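Everything below concerns the one structure shown next.
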Amino acid sequence: MPETRPPIELQGISLTELQKLIDERRLPPVDRWNPDRCGHSGMRIARDGTWYHEGEPIRRPAMARLFSTVLRREPDGRHVLVTPVEKLDIEVEATAFRAIAMTREGEGRDQCLAFALDSGDAIIAGPEHPLSVLETESGPSPRLLVRHGLEAELARPVYYELAELALAAGQDPPGVWSDGIFFPLTTIR
């Protein structure tokens, strides 16, 4: 059954309204499902966020959104699609999600940053969803923890917007506040 919920849009809503939309989304309890590993799904999430099955792109965004709801990352770093009865490996080239838009409310320590994900979901950076910058083979990779060990890499325009905020704040090291937490924008190795 395809995903029927529309993607969350950041434009024109307050962060209070956004948090309500986030809270109303009911995701499957994949953290409580532990079936035996059954093999490989034949699926891959490319670096640009495109989902593939058997080498062909999944052209229906609702289908990719549905698969994203049963995705988690195992303690050993593998990504899996999991249901109550099966667990299938899925190849993820970079991160499972991309943060494709950002909005903010407040200033300084009272600032909150919200991000729209390519999966149609949204998150507010804070204690449960920290921001970090990981050093990778292809350079710095700004990321947000989403859920179940899954991360979202910030799209380049979103990262530039975040960097502008950090530089304007004049902190040393450069960074941003969100939901009461300071996130330095320095790389972690």
Side-chain angles (χ1 to χ4, degrees), residues 2-3 5 7-8 22-23 25-55 57-58 60-102 113-156 158-159 162 178-179 181 183-189:
E3 174 64 73
R5 299 174 301 185
I8 294 176
I22 292 169
D23 292 343
R25 277 182 138 46
R26 299 274 188 249
L27 294 172
V30 298
D31 55 322
R32 295 190 306 231
W33 295 338
N34 289 302
D36 291 333
R37 182 172 169 267
C38 300
H40 199 281
S41 65
M43 296 175 73
R44 172 176 66 91
I45 304 172
R47 181 167 193 78
D48 69 358
T50 303
W51 285 65
Y52 290 85
H53 182 257
E54 303 294 337
I58 296 175
R60 294 174 46 205
M63 187 63 70
R65 285 197 314 271
L66 176 65
F67 285 127
S68 78
T69 67
V70 293
L71 185 63
R72 79 172 183 217
R73 193 167 183 187
E74 300 289 79
D76 65 6
R78 287 180 306 119
H79 291 80
V80 294
L81 297 169
V82 63
T83 70
V85 296
E86 65 182 350
K87 182 178 359 178
L88 301 170
D89 291 329
I90 178 172
E91 180 186 340
V92 176
E93 290 181 359
T95 60
F97 305 108
R98 255 108 339 264
I100 56 174
M102 180 180 81
L113 302 171
F115 297 86
L117 306 180
D118 60 351
S119 63
D121 289 319
I123 57 175
I124 297 173
E128 293 180 23
H129 305 286
L131 274 164
S132 62
V133 181
L134 183 68
E135 186 62 43
T136 67
E137 292 176 9
S138 56
S141 174
R143 298 175 177 205
L144 277 163
L145 182 61
V146 177
R147 64 178 177 267
H148 311 304
L150 301 171
E151 296 175 308
E153 185 171 50
L154 275 61
R156 188 72 53 204
V158 175
Y159 182 49
L162 192 67
S178 186
D179 199 15
I181 305 291
F183 298 104
L185 297 183
T186 53
T187 56
I188 301 170
R189 296 193 185 275

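In what follows, residues are counted from 1 in the order of the sequence shown. Bear in mind the structure is a predicted one, so any value in this text is a computation, not a measurement. Reckoned from all heavy atoms, side chains included, excluding hydrogens, waters and symmetry mates.
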I'd like to know if the side chain of [X] and the backbone of [Y] have a donor-acceptor N/O pair within less than 3.5 Å.
X: Ser178; Y: Ala125; result: yes
X: Ser41; Y: Asp89; result: yes
X: Arg98; Y: Ala96; result: yes

Which heavy-atom pair separates [X] from [Y] by the least distance, and what is that distance?
X: Phe183; Y: Gly126; answer: CZ-O, 3.6 Å
X: Glu151; Y: Thr95; answer: O-CB, 3.4 Å
X: Leu144; Y: His129; answer: CD2-O, 3.7 Å
X: Pro35; Y: Pro84; answer: CB-O, 3.7 Å
X: Ala101; Y: Val158; answer: N-CG2, 3.6 Å
X: Leu81; Y: Phe67; answer: CD2-O, 3.6 Å

Rounded distance (nearest 0.5 Å) linking atom [atom1] of [X] with atom [atom2] of [Y]:
X: Trp51; Y: Leu71; atom1: CH2; atom2: CG; value: 5.0 Å
X: Ile90; Y: Ile45; atom1: CD1; atom2: CD1; value: 4.0 Å
X: Leu131; Y: Ile181; atom1: CG; atom2: CD1; value: 11.0 Å
X: Arg47; Y: Glu93; atom1: CZ; atom2: CD; value: 8.5 Å
X: Glu128; Y: Arg147; atom1: CD; atom2: CZ; value: 13.0 Å
X: Met63; Y: His53; atom1: CE; atom2: NE2; value: 10.5 Å

(message) I'd like to know whether Met43 forms a side chain to side chain contact (heavy atoms under 4.5 Å, CB included) with His79, so could you lay out the CA-CA distance, the side-chain angles of the two residues, the decisive distance to 0.1 Å, and finally the verdict.
(response) CA-CA 11 Å; Met43 296 175 73; His79 291 80; over 6 Å; no
With side chains defined as the heavy atoms from C-beta onward, is the minimum distance between [X] and [Y] less than 4.5 Å?
X: Cys38; Y: Lys87; answer: no
X: His148; Y: Val82; answer: no
X: Leu113; Y: Leu162; answer: yes

(request) Give a yes or no on this: more than 12 heavy atoms of other residues, nucleotides or ligands lie within 6.0 Å of atom CG of Asp36. (result)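 No, because the 6.0 Å sphere around CG of Asp36 holds 12 heavy atoms or fewer from other groups.
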(request) Taking side chain to side chain donor-acceptor pair (under 3.5 Å) as the test, write out the residues that go with Asp179, two or more places apart. (result)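 Here no residue qualifies.
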